[in-house]
Amino acid sequence: MFLDSIRQALGLLASAEVWSIILRSVEVSGTAVAVAAVIGIPLGVLIGLARFPGRGAVVAVINTGMALPPVVVGLIVFMILSRSGPLGSLQLLYTKQAMVLAQLVLAVPLVLGITVSGIGGIPREVLMQAKSLGAGRLQLALAALNEAKLTLVLAIIAGMGRIIAEVGAVMMVGGNFKGETQVMTTTILEEVRKGEYALGLALGIILLTIALAANAVMSRIQGGVMTR
Amino acid sequence: MFLDSIRQALGLLASAEVWSIILRSVEVSGTAVAVAAVIGIPLGVLIGLARFPGRGAVVAVINTGMALPPVVVGLIVFMILSRSGPLGSLQLLYTKQAMVLAQLVLAVPLVLGITVSGIGGIPREVLMQAKSLGAGRLQLALAALNEAKLTLVLAIIAGMGRIIAEVGAVMMVGGNFKGETQVMTTTILEEVRKGEYALGLALGIILLTIALAANAVMSRIQGGVMTR
Amino acid sequence: MSDNQVAQTNGAAASPLLKAEGLWHARGGRMVLDIRMIEFFPGETLCLMGRNGAGKSTLVSILNLLEKPSRGTVLYGGERVGPGSKAARRRMAGVFQQPHMFAGTVESNVAYGLRMRRVPAAEIERRVGAVLDDLGIEHIRNHDARSLSGGEAQRVALARAIVLKPEVLFLDEPAGNLDRLARQDLHRDLRRIAVQENTTVIYVTHSPEEARAVAGRIAILDGGRIRQIGRAREVFGSPADDLVARLLDRESADSKRLGHIGRKAV
Amino acid sequence: MSDNQVAQTNGAAASPLLKAEGLWHARGGRMVLDIRMIEFFPGETLCLMGRNGAGKSTLVSILNLLEKPSRGTVLYGGERVGPGSKAARRRMAGVFQQPHMFAGTVESNVAYGLRMRRVPAAEIERRVGAVLDDLGIEHIRNHDARSLSGGEAQRVALARAIVLKPEVLFLDEPAGNLDRLARQDLHRDLRRIAVQENTTVIYVTHSPEEARAVAGRIAILDGGRIRQIGRAREVFGSPADDLVARLLDRESADSKRLGHIGRKAV
Amino acid sequence: GDGQAGGNSTSDIIVASTTSTKDSGLFDVLLPAFEQAYPDYRVKVNAVGTGEALKLGEKCDADVVLVHSPEAEEKFVTDEFGTERREIMYNEFVIAGAGADPAGADTAPDASTAFSRIAQTRSGFISRGDESGTHKAEKKLWVKGGVLTPSGVWYRSTGQGMGETLRIADETRSYVLVDLGTWLSMKDSLSGGVIVLLEGDPDLFNQYGVIPVNPERCPAVNARGAAAFADWLASPEGQNIIGEYGQEQYGRALFTPNAAQ
Ligand SMILES: Nc1ncnc2c1ncn2[C@@H]1O[C@H](COP(=O)(O)OP(=O)(O)OP(=O)(O)O)[C@@H](O)[C@H]1O
Ligand SMILES: Nc1ncnc2c1ncn2[C@@H]1O[C@H](COP(=O)(O)OP(=O)(O)OP(=O)(O)O)[C@@H](O)[C@H]1O
Ligand SMILES: [Mg+2]
Ligand SMILES: [Mg+2]
């Protein structure tokens with residue numbers, strides 16, 4: 001049964017349609033996670049370093065954001081982008097941009113949360129050392145980033161993992177249009193709904209293979225920090 | 001609109017049915033994350049401390065597991081528990097146990113991945129210090145756990161966040177049976193499908209409130225490590 | 001040693017470069033510092049001594065503008081400064097009691113402060129090369145800074161601070177892990193920069209021998225308060241009390257018979 | 001000091017407790033240790049000295065069974081041991097050059113090793129209390145171990161090792177951050193345990209003064225090799241070469257004029 | 001039962017049905033009445049697509065299926081996955097679309113003509129594309145309208161359920177084939193982007209059937225419960241409740257009972 005699925009998965013790889021779905025998944029989730037990193041990492045470093053009243057509450061809210069249900073995020077983004085919504089005139093609903101936006105909302109809290117915790121784990125002495133050698137605010141943040149590299153890789157991997165495997169939000173705002181906004185997870189769901197379990201499994205295996213490859217590349221880029 | 005939803009959410013809290021759905025969500029995901037912690041944390045410490053050939057590959061596989069698509073996990077658990085599947089005789093399909101099992105599969109890689117990375121970040125000197133004072137293998141692991149407390153809290157929060165917000169797996173193996181296997185996310189999905197957006201949003205808000213409360217309790221228990 | 005002390009006597013006549021007034025500081029709910037006033041003059045070397053936990057490192061951290069005192073003010077060149085004063089802090093440099101090495105090579109660690117100050121690459125290259133040579137760590141230039149021996153790390157930390165040519169240099173037990181030869185070299189270098197660059201050095205040490213070698217003035221801290229402060233010769237010559245005398249090894253051979261007394265007094 | 005040396009002379013006559021043979025060790029691709037043979041006798045105190053980076057801490061880490069040498073064997077009581085030998089390691093205790101404090105109080109840090117050995121709570125209580133008192137850190141018993149001053153942390157690290165009453169005690173520059181009084185107390189305590197408990201102490205230091213105070217034998221390492229080893233009196237009396245002489249402060253007043261030479265020789 | 005320890009007791013009847021049936025609210029009135037008539041049984045409804053519902057039956061994970069795709073149902077019985085198929089009720093599909101009605105579906109004589117006009121004018125059409133009963137009915141209409149395989153940018157397939165597909169049509173002002181129950185229950189939550197343009201054509205007839213899963217293939221199946229449920233649906237009592245449902249809320253019945261007595 002499972003072996004069958006794997007054979008079927010390999011067969012599927014020959015189809016141009018499956019390839020375009022895979023590429024779209026990687027494009028949408030890759031963009032979302034890249035933007036999430038650009039937003040979440042600096043902001044996370046800021047929150048991680050700053051000491052202000054109510055910081056505990058902010059951290060709690062961020063951690064809570066990790067439990068944002070994808071369907072609710074999808075619903076909210078849908079309502080905003082809907083014709084009758086505030087940004088309806090942009091006509092973004094059922095486009096890849098809408099999917100990126102929804103996934104962004106899901107990825108940001110995860111990237112933020114892991115970054116804040118990683119930065120919070122840096123011993124105070126390290127930051128004092130940088131400060132004593134003349135580091136300004138921004139430079140201090142860079143020093144912190146450098147110390148917490150391992151965590152940042154994890155933040156990106158976890159963020160990517162969360163969204164590339166997610167279906168609720170992307171289904172709702174993307175519409176799963178064949179050849180347009182169909183991604184791997186929405187296709188899996190569609191196949192399962194049709195009772196095509198084997199195809200669903202096969203696509204799942206392809207998704208994991210891609211995640212594995214991306215993960216291997218990322219570890220390699222980071223100079224083996226994951227294997228220390 | 002949003003204000004309306006909040007009012008509606010508060011109104012909903014008065015209903016016994018909504019309460020039983022909330023409690024069921026917490027029960028199912030709480031059990032799953034507790035079991036995931038019991039499995040994932042010791043195993044993560046083990047992998048985090050050990051140095052063996054192929055360790056990098058194991059870590060990559062774990063990180064990849066973070067991208068397991070819930071529907072695929074649901075599908076696999078479904079196939080195993082199905083009456084025609086290998087464990088069909090246990091009659092577990094469409095029960096809370098099945099939902100716990102599926103969520104467990106989703107939570108374990110996340111807990112594992114964050115734990116391994118947290119343990120990997122402990123300076124070698126710390127472990128040498130424990131060893132030099134006579135710590136055995138198990139005691140070394142405990143020392144590592146103690147050092148990486150902050151990470152472990154994060155691992156549990158992230159794991160809980162992932163699964164309590166998840167709908168694909170729980171829908172497939174739970175069946176969303178009224179009064180029995182209906183949880184918050186499956187209810188949200190059903191309401192949204194019916195066009196009951198406000199109700200969907202309201203349930204989403206309740207879900208987040210619960211996550212926030214759980215998160216606050218957890219930080220408090222951990223003696224404020226999250227706010228250091 | 002004598003020209004060293006001449007320079008510092010001159011220094012003491014000028015107006016203070018760095019000054020702290022009404023310092024009172026608590027950590028973990030306990031008072032750790034309570035100093036009415038302390039001044040540091042351009043080009044002088046002041047040794048901070050005192051028992052473990054006396055507050056030396058805390059004082060250094062406040063003067064180095066890394067931490068805000070619970071109460072009191074720090075003045076740099078007459079101006080009020082604090083942890084937000086980046087410009088003032090960039091005229092200082094410090095070697096911590098437990099220096100932290102940044103991930104990277106020895107060379108990149110030594111260049112760190114210069115990079116922070118956006119010094120041109122060519123000048124960084126030149127200055128780092130010179131200081132590595134000076135501190136005898138040229139041979140480990142490309143080593144991973146996180147794999148150094150204790151003494152090697154301490155030398156890198158020294159190099160990292162000295163290369164900045166600061167107006168004020170804080171050295172918190174900088175020779176604790178240095179071997180005999182490196183320590184002598186350090187003392188020679190410090191005397192040189194005090195004279196040539198008019199650097200103010202605040203030097204924490206437990207070693208009377210070191211204090212004799214480098215100090216113009218000596219301040220003895222105890223329980224967060226200044227127990228005695230004055231010219232090195234005077235403090236060595238007439239310690240204010242028994243504790244000061246024992247910290248400076250001024251007690252005679254009967255010290256060993258005194259046994260526990262000094263300890264119990266803390 | 002004299003009964004101390006008597007004890008160690010006696011020790012040297014017995015068979016060695018700890019022995020390393022054919023040690024050769026590389027780190028980061030470079031040889032850092034190359035020692036044909038070194039022995040340690042019951043109850044003796046051996047001081048390891050040498051320049052920064054000479055390999056002292058590396059040797060200690062191998063003897064303490066924390067690390068496997070690239071080549072060579074370590075024998076404990078005649079038996080081959082290594083990082084897997086928990087039983088042998090539990091008869092030893094070490095104070096690292098940079099001690100790490102575990103999260104928790106001073107008291108729980110000092111109790112750590114006893115807890116690891118599953119010593120009954122009442123006995124832990126008693127022994128920890130005694131050692132805290134002995135090292136003058138009773139007053140910080142309940143402080144957070146991560147907020148200690150450098151010297152306080154060093155005393156806690158010492159207490160944490162001494163409380164275990166090990167057969168072999170490794171002390172890697174244990175007095176580097178101790179104040180004058182604490183250092184004298186430490187030396188007195190070490191002499192006492194060497195005699196009373198017959199503990200073998202391997203003491204790394206850069207201070208000739210300390211070596212004189214505690215050492216029965218002295219080994220000088222350089223570039224990973226033993227340059228000279230022998231009874232303290234003999235080594236101080238006739239240093240094998242100029243480097244040894246300078247490390248032991250045996251050079252006369254002309255040392256300061258020699259300037260850079262010793263350093264350049266490294 | 002919230003406190004139930006797990007495992008499905010023999011009194012449970014698992015019904016695999018479609019989301020549109022469940023979402024219409026019909027089960028909310030049917031089940032209490034059935035459970036009152038048969039106090040020993042408890043019914044659990046698993047709402048999935050028609051394709052998945054039949055698959056669940058095939059894998060013995062449902063005791064009875066209630067779906068609307070007559071040909072697939074016949075095949076299910078022929079393949080011996082189910083015992084016998086019984087027609088229970090029908091409702092109708094309607095063609096909805098933007099009020100502007102660029103294809104003139106409003107004035108088409110019948111559904112297949114409306115479909116061929118939509119294809120000719122290349123007006124936006126949203127298809128469920130999920131092999132559901134609705135999708136299968138839609139495909140038949142294309143064929144009848146002379147469009148063998150609709151394709152092009154105007155024809156979008158969502159692979160989603162009826163509610164989602166209707167919402168997409170609403171947002172994109174496109175034509176859509178929708179069952180009346182879903183339309184009535186959802187129309188108030190839409191943005192007004194689509195209205196009903198054509199209804200009442202016999203081709204838009206949407207027949208539901210019930211099939212107990214074959215206990216010979218699936219010994220673990222609750223055969224007695226399944227038969228009881230199917231029988232009850234076809235009984236005058238069941239048929240009556242179906243015929244009443246919706247009168248109050250929508251002013252008309254959502255389903256028309258048509259079981260052979
Ligand atoms: N992980 C490592 N990788 C590469 N080189 C290392 C590593 N650890 C130590 N070394 C090198 O090994 C040599 C010996 O180090 P060791 O710590 O034993 O010196 P030491 O004699 O204790 O010096 P010190 O007096 O400064 O403490 C040093 O040159 C050091 O740079
Ligand atoms: N974060 C903190 N929380 C509570 N107490 C602290 C904290 N940091 C330092 N202390 C206490 O403040 C006192 C002064 O510490 P400081 O490091 O200034 O001493 P020191 O004079 O430098 O000692 P040493 O000679 O041992 O380095 C010590 O008793 C120390 O335990
Ligand atoms: Mg200090
Ligand atoms: Mg060393």
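Note that this is a predicted model, so its numbers are computed, not measured. Letters A, B, ... are given to chains in the order of the sequence lines, protein chains preceding strands, and every chain is numbered from 1.
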Checklist entry - Taking atom types as modelled and ignoring hydrogens, do the side chains of Glu166(A) and Thr185(A) form a donor-acceptor contact shorter than 3.5 angstrom? => result no
Next on the checklist: Can a side-chain donor-acceptor contact be found between Ser123(E) and Thr121(E) if the only test is distance below 3.5 angstrom?
Outcome noted: yes
Checklist entry - If you tally heavy-atom pairs under 4.5 Å against chain A, which of Gly129(E), Ser191(E), Gly193(E), Gly192(E) wins? => result Gly129(E)
Item to check | Qualifying residue, where the test is side-chain contact (heavy atoms from CB on, under 4.5 Å) with Ile163(A) and the options are Ser29(A), Ser25(A), Pro70(A) | outcome: Ser29(A)
Checklist outcome for this item: Looking only at Lys55(E), His135(E), Glu171(E), the option with the highest number of non-hydrogen pairs under 4.5 Å against chain A is Glu171(E)
Next on the checklist: With a 4.5 angstrom heavy-atom cut-off, is it the side chain or the backbone of Gln182(A) that approaches chain E, or both, or neither?
Outcome noted: neither
Checklist entry - Using non-hydrogen atoms only, which part of Gln160(E) is less than 4.5 Å away from chain A: side chain, backbone, both, or neither? => result both
Next on the checklist: Regarding Ser127(E) and Glu138(E), do their side chains bring together a donor and an acceptor under 3.5 Å, going by distance alone?
Outcome noted: yes
Checklist entry - Under a 4.5 Å heavy-atom cutoff, which of Ser157(E), Gly49(E), Gly161(E) has the most pairs with chain A? => result Ser157(E)
Next on the checklist: For the residue pair Arg128(E) / Thr134(E), report whether a side-chain donor-acceptor contact shorter than 3.5 Å exists.
Outcome noted: yes
Checklist entry - If we ignore angles and hydrogens, is there a donor and acceptor under 3.5 Å between the side chains of Thr158(E) and Thr165(E)? => result yes
Checklist entry - Side chain, backbone, both or neither: which part of Met172(A) has a heavy atom under 4.5 Å from chain E? => result side chain
Checklist entry - Of the backbone (N, CA, C, O) and the side chain (C-beta and beyond), which part of Leu56(E) lies under 4.5 Å from a heavy atom of chain A, both, or neither? => result both
